[in-house]
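What's counted below: heavy atoms across the whole structure, side chains too, no hydrogens, waters or symmetry copies. All chains are named by letter (A, B, ...) in the order of the sequence lines, taking the proteins before the strands, and each is independently numbered beginning at 1. None of these values were measured; they are calculated from a predicted model.
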2 protein chains.
Amino acid sequence: MQEKPELDFPRPLTTVDVVIFAIRSDALQVLLVQRPKAESEPFPGAWALPGGFVDIAGDRDLEACAVRRLKAKTGVVSPYLEQLGSWGSATRDPRGWSATHAYFALLPEHTAGGALAGDAQWFAVEGEKVRPKLAFDHAEILQAAVLRLRNKVEYTSLPAYLMPQEFTLPELQRTYEIVLDRPLEKSAFRTRMLAADLIEPVAKMRKGPNRPAQLYRLKKAKAPVFFTRTFNPPG
Amino acid sequence: MQEKPELDFPRPLTTVDVVIFAIRSDALQVLLVQRPKAESEPFPGAWALPGGFVDIAGDRDLEACAVRRLKAKTGVVSPYLEQLGSWGSATRDPRGWSATHAYFALLPEHTAGGALAGDAQWFAVEGEKVRPKLAFDHAEILQAAVLRLRNKVEYTSLPAYLMPQEFTLPELQRTYEIVLDRPLEKSAFRTRMLAADLIEPVAKMRKGPNRPAQLYRLKKAKAPVFFTRTFNPPG
DNA sequence: CGAATAGTGTCTATTAGACATTATGAG
DNA sequence: CTCATAATGTCTAATAGACACTATTCG
């Protein structure tokens, strides 16, 4: 028997990873970073989700660590950020038992091009995957993030966080359709959005080669709105 | 510069905690364990969620660790188990930077009384809280679990996992009502449940002092069913 | 004017809520 | 029979889907 409980048993490695989404080129894209090419590193040269070890001296909590990682790769300070889940096992990292805390972030299109880190690059999401083979179990984490995003888009206003400050209803609908990968009915879409007390018109129109569209902006400090139905009736 | 990346920087403590729910005495209850009373322990004698450090030698992954904790306290091997989220910060554990991976489990009533550990006890959930003051940030984790459970009960079949093998529709409705803490319409409830292809009648009736009720059981290997609407229209 | 997109209206289908009505067993 | 609860039926309200129709700009 010892007076103090023993705490120097081996501990898992602890990391935070962030799945960063944005709409770019009319498609859902995700930001990946290339791992260092040194052979001493796991998965040298492979693409991976932005993230890394928790710094117990510098990170106050898990979310602060996620915010730090996000800012380092994109320059963006406060986008929509939600915890996705955690993945931990003896085998997911060749360096030993490790657990990662995964977050997902939604970036407005105009911020997504800004202060990108040199090792970072946008990739189109195809299905729930991305072209390159990902390091660690990041393909699985990405798939979970895409499924969660799609699912929540059915009954929440999350896509509003992917829009620029001012946008038209057809543009918002297009964002929904890109994420869901399926067309929505214009009429039902407009009714839902306008009834949600989520957006307000600004005194401007989007001019184009045809009929101009009303511009809207998010109401101030808007938490995501939850609807009581999904878009589609049961299949 | 070194050949191998450095891995011996300080690591957070890593734990798994499980919020275990069951219906007992016509109420939603949660299983808590009392912490050891030694003054060298954090929160001596306080009630806490079942859980503890990940054993990197014995636990294959996080879920295996959660299953181990659950079995140790209840004897139950495979209930409904879902990841809830993770909580990590410099301050949540006086022993140092720590992160916990939280799960929540739903136990059928008849298994909830069985092989309880000596330090474990059931407590009624009142609101999103429990009477005793909980150790660490476990009150916050419990609150998140209750809110998540309530929210999902609005549009899923999760309460089915709180039922015994055979049950009547009024009994299932009562379980929904206990979790939601609000009455539901019998007619709409029955329509939804019977349309869900979730349960099947068995050739028995529940006898009572009045009209007997049809007994049902869960269809085999049933994943939770998701409905496209919540129970209530928007408030 | 025509082309194209924005925006509205009409009709149907689904399903929840409210609540009335019928069914079945015990005593 | 009465009582209690199970089970069903009827009507309304809300909202999604389908799709037709009108509105407004450019060229």
Flag if over 12 foreign heavy atoms under 6.0 Å of NZ, K219(A): yes

Other residues, nucleotides, ligands: >12 heavy atoms within 6.0 Å of E200(A) CD: yes

Spacing of [X] atom [atom1] relative to [N] atom [atom2], expressed in whole Å:
{"X": "Q173(A)", "N": "dA16(D)", "atom1": "CD", "atom2": "C1'", "answer": "13 Å"}
{"X": "R182(A)", "N": "dA18(D)", "atom1": "CZ", "atom2": "P", "answer": "10 Å"}
{"X": "E154(A)", "N": "dT15(D)", "atom1": "CD", "atom2": "P", "answer": "17 Å"}
{"X": "R174(B)", "N": "dA6(D)", "atom1": "CZ", "atom2": "P", "answer": "12 Å"}
{"X": "E177(A)", "N": "dT5(C)", "atom1": "CD", "atom2": "P", "answer": "13 Å"}
{"X": "E185(B)", "N": "dT10(D)", "atom1": "CD", "atom2": "C1'", "answer": "14 Å"}
{"X": "K186(A)", "N": "dT22(D)", "atom1": "NZ", "atom2": "P", "answer": "14 Å"}
{"X": "Y176(B)", "N": "dA16(C)", "atom1": "OH", "atom2": "P", "answer": "11 Å"}

N/O donor-acceptor pair, side chain S187(A) with base dG9(C), under 3.5 angstrom: yes

Strand contacts (DNA chain D) in residues 188-203 of chain A, 4.0 angstrom heavy-atom criterion: A188(A), R192(A)

Contact list for DNA chain D against residues 157-166 of chain B - heavy-atom distance below 4.0 Å: none

Within 45° cone and under 6.0 Å: R148(A) NZ/CZ vs F104(A) ring: no

Distance under 6.0 Å and angle within 45° of ring axis: R131(B) vs F123(B): no

Identify whether the distance between the nearest side-chain nitrogen and carboxylate oxygen of [X] and [Y] falls below 4.0 Å.
{"X": "R92(A)", "Y": "D61(B)", "result": "no"}
{"X": "K204(A)", "Y": "E166(A)", "result": "yes"}
{"X": "R174(B)", "Y": "D26(B)", "result": "yes"}

Value rounded to 0.5 Å, distance of CD in E109(A) from CD in Q29(A): 9.0 Å

Gap separating the CG atom of L49(B) from the CZ atom of F136(B), nearest 0.5 angstrom: 10.0 Å

Check: Y216(B) ring centre within less than 6.0 Å of F167(B) ring centre: no

Close side-chain approach of S157(B) to Y176(B), heavy-atom, < 4.5 Å: yes

Would you tabulate the pairs of protein nitrogen or oxygen atoms and nucleotide nitrogen or oxygen atoms of nucleotides 25-27 of chain D closer than 3.5 angstrom?
{"residue": "dC26(D)", "atom": "O4'", "partner": "P209(A)", "partner atom": "O", "Å": "3.0"}

